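Notes to accompany the following structure.
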Amino acid sequence: MRLDVVTIFPEYLEPLNVSLVGKARARGQLDVHVHDLRGWTYDRHNTVDDTPYGGGPGMVMKTGPWGDALDTVLADGYEAGARSPALIVPTPSGRPFTQELAVELSERPWLLFAPARYEGIDRRVMDEYATRMPVHEVSIGDYVLAGGEAAVLVVTEAVARLLPGVLGNAESHRDDSFAPGAMAGLLEGPVYTKPPVWRGRDIPETLLSGHHGRIARWRRDEALRRTTAHRPDLVERCDPEAFDKKDREMLSILGWEPDPEGEPYGRFWRRADGMEE
Ligand code: ADE
């Protein structure tokens, strides 16, 4: 996969040389190119921003440098044989970045990132490139960062670990929170490793039992416990068909019950007297 990042802070992307993404790069699985947007400015001050039309606070990133930068990077990539680019624009007003989108992006051969600083990039830049390629404006959460560079690192890492051969053990994706499968829609519960006792704290006995069925049940109960506590919205979204008898017993203990008026029928919700953790 080819990755291009155009930014006014190339050094912010140094972490792309480290850890999983760094190793994927060293192995040639990721071909990363970081470009300084100011390389496409032609005035003495290397200006990349200007005041917003209509007034208001802050500055807006100008069309000129972005257009010239993206055109050059696209031409370079095509010349090197890259195909089918997608443009990713991190912004707090984008659609939420999810595991589903990470999977979709991991299947593309070429991702181009345009992280903005200030109040964002002149709208016409996204509109222009959307005529040539998919443009994804994505938010990594409901908070405002000083710029999109940290979001580029987040998206890159989520995508890179899905590429074939990047994670050592393909099984490691299987139980990821948010991955499809048996635990779809639930958060992962707690995990433990040796030693068996640490500062007087031991391991849940079931995990030492060697009994695969009981261990799977325990993990599922803990996933339900954690999801109801941290992300009740995910439980509400679950298809009730996905809950077996034991799930329903656990959900009842946690204070959740099927909503007779829920859509689809029997969707779970928290009882008025349900436990808060
Ligand atoms: N830029 C600033 N805040 C952001 C956020 N929450 N997600 C993506 N890009 C951003």
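First listed ligand is number 1; within each ligand, the first listed atom is number 1. Quantities reported herein were computed from a predicted structural model and do not represent experimental measurements.
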*asked:* Quick one, T227 and H230 - any side-chain contact, counting heavy atoms below 4.5 Å?
replied: no
Here the ring pair (Phe, Tyr, Trp, His ring centres under 6.0 Å) pairs for residues 65-107, sequence neighbours left out, are Y78-W110
* To do: Count the heavy atoms belonging to other residues, nucleotides or ligands that lie under 6.0 Å from CG of D43, then report whether that count exceeds 12.
  => yes
Pairing of D122 and K62 as salt bridge, 4.0 angstrom limit:
no
Kindly list each side-chain donor-acceptor pair under 3.5 angstrom involving residues 87-95, sequence neighbours excluded, with atom names and distances?
{"unit_1": "T91", "atom_1": "OG1", "unit_2": "S93", "atom_2": "N", "d": "3.1"}
{"unit_1": "T91", "atom_1": "OG1", "unit_2": "S93", "atom_2": "OG", "d": "2.9"}

Contacts for ligand 1, heavy atom under 4.0 Å, by chain and number, are P90, T91, P92, V138, S139, I140, G141, Y143, V144, L145, G147, A151
In short, salt bridge (Lys or Arg N to Asp or Glu O under 4.0 Å) pairs touching residues 65-77 with sequence neighbours left out are D71-R132
